[in-house]
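Below is one structure; the comments refer to it alone.
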Protein chains: 2
Amino acid sequence: MKRSMLPLNALRAFDAAARHLSFKMAAEDLSVTPAAISQQIRSLEEFLGVELFRRTNRSLVLTEAAQLALAPLKDGFEKMEEAVDILTASHSANVVKVSVSPSFASKWLVPRLASYYERRPDAIVKVNATMALTDFKAEDIDLGIRYGRGTYDGLHVEPLMRETVFPVCSPALLEGDDPLRTPEDLLEKTLIHDDSFSEDDSAPSWPMWLKAAGVLVPEGLPALHFNTHALAVEAAVAGRGVALARSSIAEEDLKAGRLVQPFGEAIPVDFAHYIVCPEDKLKAERIQDFIDWLKDEAGAY
Amino acid sequence: MKRSMLPLNALRAFDAAARHLSFKMAAEDLSVTPAAISQQIRSLEEFLGVELFRRTNRSLVLTEAAQLALAPLKDGFEKMEEAVDILTASHSANVVKVSVSPSFASKWLVPRLASYYERRPDAIVKVNATMALTDFKAEDIDLGIRYGRGTYDGLHVEPLMRETVFPVCSPALLEGDDPLRTPEDLLEKTLIHDDSFSEDDSAPSWPMWLKAAGVLVPEGLPALHFNTHALAVEAAVAGRGVALARSSIAEEDLKAGRLVQPFGEAIPVDFAHYIVCPEDKLKAERIQDFIDWLKDEAGAY
DNA sequence: GCTTCGGATTAGTTTTTCTTATCCAAAAAT
DNA sequence: ATTTTTGGATAAGAAAAACTAATCCGAAGC
């Protein structure tokens, strides 16, 4: 069959299924669902007019034809990997692809990148700003910086920095007829919530902070909700209410006087920033160097 | 790069473009538009972070990295072709994939296939019923049977059978207050048109037939239109009017008495049935044998 | 006998790939 | 020197492919 007609994606599914003798494991390998593999194999069998697997309920057996085809197919994929590795080899020595949350990207990482480029002028840092965790098997990402509890299975994890969370607001809220002076005064203000981790009870939040401060909270307080931390902090800068801010996100606004910390109560939180990457990425000097720089920056912070 | 992340379709575009040093020719090779190739290459360059071609207005030059990657990539595709050929080898010896119009499929070819299976019990004939011509570069089709003028560039073409077209109608239209007896009587009936070839003035049609019969046609005759020949003939069986039928399509209804030929005028037409296939398909014994059988059936017809 | 597991399938969603239309600049033709 | 032709670039929208979610099934495991 001419290469223009080769069903390449289905052949990749077949290759994975044949290697694992399992659609479930092939799916994990290729970062798709078992249904996707099943459908690809079925479609390939129909297209080629040949059975590739015999299904015995929960397991698979390769047919004879499939067994014969496996060796050249594997060789084919290996040659393609080699070709792509050749293409990228001259380039990737200087590229670091890092995944961080949008808030952390704009408020902490990107403002500091100039310092990394001074340290390594030929470097290229590609920042992937996303709120999703990285699936390193499916995404072309070198490392991630994640705010959480640090429980990332199967990956190299090291703490980058811990930080506190505390109320911040516009200086305007400290004045006027209803000034914000004590934690109890918060009940008269609009609380600005960051819902990034609303599904995780151990994530820092207003209810948690208020409880730690010993403030009894009645029902139905005025509230604003945002899906990123930076947006919540922006709303505070705009005088919309009081946000519970992380220092890394709020630092520039605090320094500039756009935000103030009305009272000093910072609560201890379980969450911290972690560097996350596949173990084998650490072998690359450029990754190791970037991590070293991150730690330097976090230490100086 | 691991094989789960290889952009396989883009690599195929790259392979073709590199072989031809032309997006236009690569597009023809892969049966897509040049825009598709251009977009795939651009996307691949961005994804890999490496330039593959230098564009000098109307021509392409491979970059050094691309030149180095070409040999393993070509090997990769060759291995995959080999694998797929192994998969299909044991099967395709008995399979013939034939593309015909839906009308011809249902009225002529499929009713006769039993005779082919008697001749060759292990055969598998896959009938692709479509009104479109076959693009043999893009479609997995062995041969086509097409009604037309036989002008199919770059392909092996041989006539299968010529046939006439003539009016047919339900026997009921020959009776009653307004019996159909002469060509002039057609003007009192509903003409049933097959619009399959309405864009081709040389295709057989009612205007052509009436002109040959010397019947002057006024404006605004009652008419029915269908997009396949078989549907037009079905409407005639239902007594909806008079169709201009091809013998291959109408033969069974005529034999069964569901249709009659009110008058014998059959006009000569430029169109005929042709067998069409790529030259190299003729090397396959199973294709040659199928063609031989088709000719036998058409000769006996 | 009940629970768990992995494959099968359908329907709907998302992503990828493609086509169409238009633009551009240089080569080719006049 | 001017006009025409050509092949690549790009954007918008359409079509096709690939995927996910949900559900079902039957056999293995408990």
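Proteins come first, then strands; the chains are lettered A, B, ... in the order of their sequence lines, and each starts at number 1.
- For the pair B:E46 CD and D:dA9 P, the computed distance is 12 Å after rounding to whole Å.
- Between the CE atom of A:M25 and the P atom of C:dG7 there is a distance of 10 Å, given to the nearest Å.
- Each of D:dC19, D:dG8, C:dT19 was ranked by its minimum atom distance to the side chain of B:V32; first place goes to C:dT19.
- Between the P atom of C:dG7 and the CZ atom of A:R54 lies a distance of 17 Å, rounded to the nearest Å.
- Contact of B:Q40 with C:dC18 (side chain to base): no donor-acceptor pair of N or O atoms is detected under 3.5 Å.
- For A:S22 and C:dG7, the shortest distance from a side-chain N or O to OP1 or OP2 is below 4.0 Å.
- Within 3.5 Å, no donor on the side chain of B:Q39 pairs with an acceptor on the base of C:dT16, nor the reverse.
- Formation of a donor-acceptor pair under 3.5 Å by the A:S99 side chain with backbone atoms of A:G144 is not found in this model.
- Nucleotide D:dT6 holds its P atom 17 Å from the CG atom of B:L60, rounded to whole Å.
- In this structure, B:L44 places its CG atom 14 Å from C1' of C:dT16, rounding to the nearest Å.
- Contact annotation: B:R42 side-chain N/O to D:dA9 OP1/OP2 distance is not under 4.0 Å.
- Inter-residue side-chain proximity for B:L73 and A:I86 is flagged as unmet; no heavy-atom pair is nearer than 4.5 Å.
- Judged purely by atom type and a 3.5 angstrom limit, B:S106 uses its side chain to pair as donor or acceptor with the backbone of B:P102.
- The local environment of CD in B:E64 is sparse, with at most 12 non-hydrogen atoms from other residues, nucleotides or ligands closer than 6.0 Å.
- For C:dG7, the OP1/OP2 oxygens have no side-chain nitrogen or oxygen of A:N57 closer than 4.0 Å.
- Straight-line distance from the CD atom of B:E28 to the P atom of D:dT6: 12 Å, rounded to whole Å.
- Residue A:S38 has no polar side-chain atom (N or O) positioned under 4.0 Å from OP1 or OP2 of C:dG7.
- Listed for the A:Y152 side chain is no donor-acceptor partner under 3.5 Å among the backbone atoms of A:C277.
- Spacing between atom CG of B:L30 and atom P of C:dC18 amounts to 8 Å, rounded to whole angstrom units.
- When distances run from any side-chain atom of B:K24 to the nucleotides D:dC19, C:dC18, D:dG7, the shortest one goes to D:dG7.
- Residue A:F23 is the one, among A:F23 and A:N9, whose nearest nucleotide of DNA chain C lies closer to the 5' end (criterion: closest heavy atom).
- Phosphate contact (OP1/OP2 of D:dC19, side-chain N/O of A:T33, threshold under 4.0 Å): absent.
- Comparing A:L8 and A:A35 by the nucleotide of DNA chain D whose heavy atom lies nearest to each, the residue mapping closer to the 5' end is A:L8.
- When rounded to the nearest whole Å, the span between CD1 of A:I37 and C1' of D:dA17 equals 14 Å.
- Side-chain atoms of A:R58 lie closest to D:dA27 of the nucleotides C:dG7, D:dA21, D:dA27.
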